[in-house]
Visitor: 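First the structure, which I've put down as structure tokens, then a few questions once you've had a look.
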Amino acid sequence: MPGDRLDTQVIVVGAGPVGLLLAGELRLGGADVVVLERRTAPTTESRASTLHARTMEILDSRGLTAALPAPPNDLRGHFAGIPLDLTLPGSRPGQWKVPQFDTERLLGEWATGLGADIRRGHEVRAVTDTGAYVEAEAVGDSGPVLVRGSHLVACDGEDSAVRGLLGADFPGHDARRELLRADVAGIEVPDRRFQRLPDGLAIAARRADGVTRVMVHEHGAPAVSRTGPPTFGEITQAWKRVTGEDISGGIPLWVNAFGDAARQLARYRHGRVLFAGDAAHRQMPIGGQALNLGLQDAFNLGWKLAAEATGRAHPDLLDSYHTERHTVGLRVLAAIEAQALLLLGGPEVEPVRALITELIGGEEVRTHLAATISGLDIRYDVGGPAHPLVGARLPHTPLAASAAGWSSSTQALRAGRGLLLGPAGAPDLGAVLGGRAVPFATPAAPDSGTASGTASGTVSAPDRAGWTLVRPDGHVVWAGPSGTPRGEGLPAALDRWFGPA
Ligand SMILES: Cc1cc2nc3c(=O)[nH]c(=O)nc-3n(C[C@H](O)[C@H](O)[C@H](O)COP(=O)(O)OP(=O)(O)OC[C@H]3O[C@@H](n4cnc5c(N)ncnc54)[C@H](O)[C@@H]3O)c2cc1C
């Protein structure tokens, strides 16, 4: 059907939060993008409502948080339902409550404003990777549409059609246990954060609009193989058996169940097809980590794929997406599995819970778990010199007055082009950058309210007299001492991460 063919550089399948963030990042990196989305309208389900510290920093570094409706911030988090103080140095510690439809609206408007072509009502049914390009066949309102691009990214969620079409290896296990959940109007039950009762686990949270979200798990109850949501009756009966309360007179507004399945793609890249978000990993949605992990996948991938699709990338750049994000995913999924075991386990897990509760009281364990949950401890293996900042994200760093008028590194990163930090008045900068459009700035003096001397997350602030090279996703790939930036690895790091001069 050549007449119906649409050509682009990158095809994104799925306009969930991950696909939308990716689409915006691709546009920021200069790539053309078509997003194919099965749904005709955005979701209205609240779904994941927690954004963690690193995700908020990411959104800040694209200037996006101002448009969120003042999200409530809470430093109280949990590990498997055990209270955990999420206080950490950084610009956005804690968790931020944002219903998923607000996150999607924000990202959708941003991506569209940057020129992403989002086509709703288009379900992808076939994907072909010819080796030279990739084609997706979608069924749209007015019949089939063929889209051709240099790459395709599957952001089509936990039941990813693209994963199935490619027969991608997705090792792990199915759900063994599950939590039943309902948003219910017209009931009066006490709020419970994670109440462990003799027969199970009960959670209840009443929202400002009077609707109560209840979640329940009966000790020992196996996950049910489902083709749709549970009935409200299943939930009220389980609730009665666990708490003794009758909520059957309530009005169920949204009913669902989620299990402790854990799977991760063996490879996030299959030739010209890549996977991100729930399409790449399945995990129990405890504490919003699934969404945050997925958004961070997109943020890692977008600028790399834009550079590849527009012919600017070093040959190894795109493969670093799998290396970096598969490693992070493995670790986060293991932490989620540990939480699922402790949360859904019966009385036999109580001694382990008691021990962890005791350990969390110690600052080292608390900060370790808080940094993992917040995503602030991520350190990619980027090569480069041994330095506390290399591989970690650059903490929010105030800048000295610059020609561009940036007041901080967060603001300087908004153009999506990375950042070179160094002392003002350095000679030879143009020669070192070799025509690459990497913005340059100088950190502010410590006495002007800088982050100097403070630790942020698990890393320290950049050395004001030295040099720091930051990728578009905010991760530091090279840091060097004062003196000329020539030699000492900076040109090689620029080649590796920003393409040839
Ligand atoms: C019912 C439900 C409740 C959840 N509750 C929570 C929660 O309480 N806490 C939590 O942390 N997480 C929760 N999650 C998980 C969280 O919503 C996901 O982690 C997050 O949405 C992942 O984003 P994504 O963009 O990867 O995938 P999705 O948000 O699933 O987006 C995938 C998109 O791809 C589209 N799509 C699928 N197939 C095709 C196709 N063939 N062609 C075109 N488009 C396609 C879909 O319509 C969808 O819009 C929940 C998920 C669901 C489904």
Side-chain angles (χ1 to χ4, degrees), residues 11-23 34-52 55 77-78 95-104 107-108 111 118-127 136-140 144-145 147 152-166 178-183 203 205 213-215 226 228-230 254-259 261 265 268 274-299 301 325 329 332-333 336 339-340 373:
I11 306 163
V12 173
V13 184
V18 175
L20 293 171
L21 178 61
L22 180 66
V34 170
V35 182
L36 298 170
E37 165 57 47
R38 179 174 59 189
R39 290 168 187 267
T40 50
T43 178
T44 52
E45 294 168 349
S46 57
R47 295 195 180 180
S49 56
T50 301
L51 297 179
H52 287 293
T55 304
H78 71 91
Q95 46 186 2
W96 302 77
K97 288 294 171 193
V98 184
Q100 190 167 321
F101 49 74
D102 275 339
T103 307
E104 290 189 22
L107 296 174
I118 300 175
R119 301 193 172 211
R120 296 194 173 275
H122 283 72
E123 176 166 352
V124 171
R125 301 258 179 96
V127 170
E137 210 180 302
V139 178
V145 182
V147 189
L152 177 145
V153 189
C155 301
D156 51 346
E158 62 176 10
D159 297 320
S160 171
V162 179
R163 205 175 55 217
L165 289 166
L166 264 62
E178 65 182 356
L179 264 170
L180 302 175
R181 168 169 67 176
D183 286 352
I203 301 159
R213 173 166 287 190
V214 295
M215 292 194 241
R226 300 180 185 278
W254 184 47
V255 174
N256 84 344
F258 56 91
L265 277 177
Y268 281 18
L274 298 109
F275 291 83
D278 280 8
H281 36 75
R282 176 172 294 181
Q283 56 284 305
M284 191 169 184
I286 297 181
Q289 283 198 270
L291 173 63
N292 287 268
L293 187 61
L295 290 174
Q296 290 167 29
D297 288 344
F299 203 63
L301 176 60
R325 293 308 301 172
V332 171
L333 261 63
I336 292 174
Q339 292 195 66
I373 286 171

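Every number for a ligand or one of its atoms is a count from 1 in the order of the listing. These numbers come from a predicted model, not from an experiment.
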Visitor: Decide yes or no for Leu180 and Glu178: does some side-chain heavy atom of the first lie under 4.5 Å from some side-chain heavy atom of the second?
Guide: yes
Visitor: Would you please name every residue forming a salt bridge (Lys or Arg N to Asp or Glu O under 4.0 Å) with Arg38, sequence neighbours left out?
Guide: none
Visitor: Non-hydrogen atoms closer than 4.0 Å to ligand 1: which protein residues do they belong to? List them by chain and number, please.
Guide: Val13, Gly14, Gly16, Pro17, Val18, Leu36, Glu37, Arg38, Arg39, Arg47, Ala48, Gln100, His122, Glu123, Val124, Cys155, Asp156, Gly157, Ala161, Arg181, Trp254, Asn256, Gly277, Asp278, Pro285, Gly288, Ala290, Leu291
Visitor: Do Leu293 and Ile336 pass the side chain to side chain contact (heavy atoms under 4.5 Å, CB included) test, and can you show the C-alpha distance, the side-chain angles, and the key distance before you say yes or no?
Guide: CA-CA 11 Å; Leu293 187 61; Ile336 292 174; 5.7 Å; no
Visitor: Are Arg282 and Asp159 close enough that some pair of their side-chain heavy atoms sits under 4.5 Å apart?
Guide: yes
Visitor: Only counting residues at least two apart or in another chain, list the ones meeting salt bridge (Lys or Arg N to Asp or Glu O under 4.0 Å) with Arg125.
Guide: Glu123
Visitor: Going by side-chain hydrogen bond (donor to acceptor under 3.5 Å, both in side chains), name the residues that satisfy it together with Thr50, two or more places apart in sequence or in a different chain.
Guide: Lys97
